[in-house]
Q: 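Below you'll find the structure I mean.
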Amino acid sequence: MQVELAEERIFRLADRFSLEHAEGRAWAKRLEAFGALARVAGLFNHPKEDDFAVVYRERRLQPFWRVAVSTATAYERRRSYAVPVAPEVRQVTIDGRSLPAVDGRISFEGLESCREEARREVFVDGLSKQPTPTLAAYLQHDAVETDAEALAKATADGMVVVPPQAKASMVVRDVVAAAIGKIDADTVTEELVRVEAVDLYYRPIHAFRYRRADKEAVVEFDAVTGEARVGGDTFEQYLGKALEPRFLLDVGAETLNFVVPGANLAKLIIVKGMEMKGLR
């Protein structure tokens with residue numbers, strides 16, 4: 001089996017909204033953030049603005065993975081064929097070979113040459129580790145390729161860069177395992193697994209934590225889609241902490257060897273640094 005592994009990449013999606021716009025949208029949802037009871041009470045006793053205080057503001061980059069895998073398998077198998085013929089037929093000659101008709105059928109064997117191709121593109125939330133197809137919508141927006149050094153600079157500038165809880169090796173392993181299907185073959189003549197993309201995307205999020213009386217609540221604003229939503233989390237524990245590059249991009253031959261049935265490391269041909277133009 002041949003395995004081709006594209007170079008891992010990191011992309012940062014561009015902010016489409018200013019901090020001022022984000023804070024304004026979040027402020028409009030501050031009452032909703034404290035729950036249904038607070039909203040109902042607000043209908044009868046409209047809260048004052050100074051009832052709320054912003055106790056924490058966070059600019060963060062939140063991760064998700066895009067992994068694309070294609071497979072191609074060529075194989076041969078022998079099969080028996082039973083072909084119906086008219087009731088009066090007693091024999092059929094094909095290429096000089098006579099085939100008797102039995103019970104209205106002629107039977108013969110043939111060698112089938114088959115080829116199966118498939119492709120999977122999976123988006124995985126970097127925090128929940130769950131496949132999340134809706135994340136594909138972010139690829140419609142502008143993104144720039146970046147690296148761990150640039151992310152470290154963003155951290156130094158006050159950005160919270162959240163490390164993915166789902167490691168690249170784990171995500172790739174799961175996607176490749178799902179892409180390799182079972183085949184009914186006598187002889188396999190070609191097996192190719194191509195990992196076309198292992199891309200870590202970071203999307204910008206603004207989070208605001210409000211305090212009202214003795215309670216706190218969070219409103220998040222997505223700086224790519226413009227969506228503001230109540231709930232969510234803040235990640236102060238990562239403030240000022242640079243990411244370890246080897247943790248971000250850790251896919252190697254061992255990862256793929258783990259999921260290729262019957263293969264060992266010596267049989268794998270790893271082609272790193274493939275040019276995958278137009279696959280972003």
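This structure is a prediction, so every number in the text was calculated from the model and none was measured. Any value given below was found using the heavy atoms of this structure, including those in side chains, with hydrogens, waters and symmetry copies removed. The residues of the chain are indexed from 1 along the displayed sequence.
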Q: Does a side-chain N-to-carboxylate-O contact under 4.0 Å join Glu121 and Arg66?
A: yes

Q: Any chance CG of Asp157 has more than 12 other-residue heavy atoms, nucleotides or ligands included, within less than 6.0 Å?
A: yes

Q: Please enumerate all residues that pass side-chain hydrogen bond (donor to acceptor under 3.5 Å, both in side chains) together with Gln91, with sequence neighbours excluded.
A: Ser98

Q: What pairs with Glu191 under salt bridge (charged side-chain N to carboxylate O under 4.0 Å, His left out), at least two apart in sequence or on another chain?
A: none

Q: Out of curiosity, does Phe221 fall in the hydrophobic cluster containing Val54 (side-chain heavy atoms, cut-off under 4.5 Å, transitive links)?
A: no

Q: Between Val83 and Leu99, is there a shared hydrophobic cluster once you connect ILVMFWY residues whose side-chain heavy atoms come closer than 4.5 Å?
A: yes

Q: Stepwise, does the ring pair (Phe, Tyr, Trp, His ring centres under 6.0 Å) test hold for Phe11 with Tyr202?
A: CA-CA 6 Å; Phe11 291 95; Tyr202 270 104; over 10 Å; no

Q: Apply side-chain hydrogen bond (donor to acceptor under 3.5 Å, both in side chains) to Tyr238 and Glu236, showing your working.
A: CA-CA 5 Å; Tyr238 298 116; Glu236 299 99 314; over 6 Å; no

Q: Indicate the atoms forming the closest heavy-atom contact of Val69 with Ala179, along with that distance.
A: CG1-CB, 4.0 Å

Q: side-chain hydrogen bond (donor to acceptor under 3.5 Å, both in side chains), that's the test. Do Glu76 and Thr187 meet it? Break it down for me.
A: CA-CA 5 Å; Glu76 296 177 339; Thr187 305; 5.1 Å; no

Q: Where is the tightest heavy-atom contact between Val195 and Val176, given as atom of each residue plus distance?
A: CG2-CG2, 4.1 Å

Q: Over all heavy atoms of both residues, which pair between Leu13 and Pro204 is shortest? Give the atoms and the distance, please.
A: O-CD, 3.6 Å

Q: With Ala185, which residues qualify under side chain to side chain contact (heavy atoms under 4.5 Å, CB included), at least two apart?
A: Tyr75, Ile183, Val188

Q: Residues in ring pair (Phe, Tyr, Trp, His ring centres under 6.0 Å) with Tyr81, at least two apart?
A: Phe108

Q: Within a reach of under 6.0 Å around CD of Gln237, are more than 12 heavy atoms found that belong to other residues, nucleotides or ligands?
A: yes

Q: Report the relative orientation of the aromatic rings in Trp27 and Phe52; use parallel for angles under 30°, tilted for 30 to 60°, perpendicular for over 60°.
A: perpendicular

Q: Going through the checks in order, is the side chain to side chain contact (heavy atoms under 4.5 Å, CB included) test met by Ile205 and Asp222?
A: CA-CA 5 Å; Ile205 300 289; Asp222 188 315; 4.0 Å; yes

Q: Do Asp15 and Val224 come within less than 4.5 Å of each other through their side chains, counting heavy atoms only?
A: no

Q: Decide yes or no for Val160 and Arg59: does some side-chain heavy atom of the first lie under 4.5 Å from some side-chain heavy atom of the second?
A: no

Q: Between Leu31 and Val230, is there shared hydrophobic-cluster membership here, with clusters defined by ILVMFWY side-chain heavy atoms closer than 4.5 Å?
A: yes

Q: Under the ring pair (Phe, Tyr, Trp, His ring centres under 6.0 Å) rule, collect the residues that match up with Tyr138, sequence neighbours excluded.
A: Phe64

Q: Which heavy atom in Leu127 sits nearest to a heavy atom in Pro163, and how many Å separate them?
A: CD2-O, 3.9 Å

Q: Would you say Val162 and Ile10 are hydrophobically clustered, going by side-chain heavy atoms of ILVMFWY under 4.5 Å?
A: no

Q: Which residues satisfy the ring pair (Phe, Tyr, Trp, His ring centres under 6.0 Å) test with Phe123, sequence neighbours excluded?
A: none

Q: Just checking, any donor-acceptor pair under 3.5 angstrom between side chains of Thr234 and Arg209?
A: yes

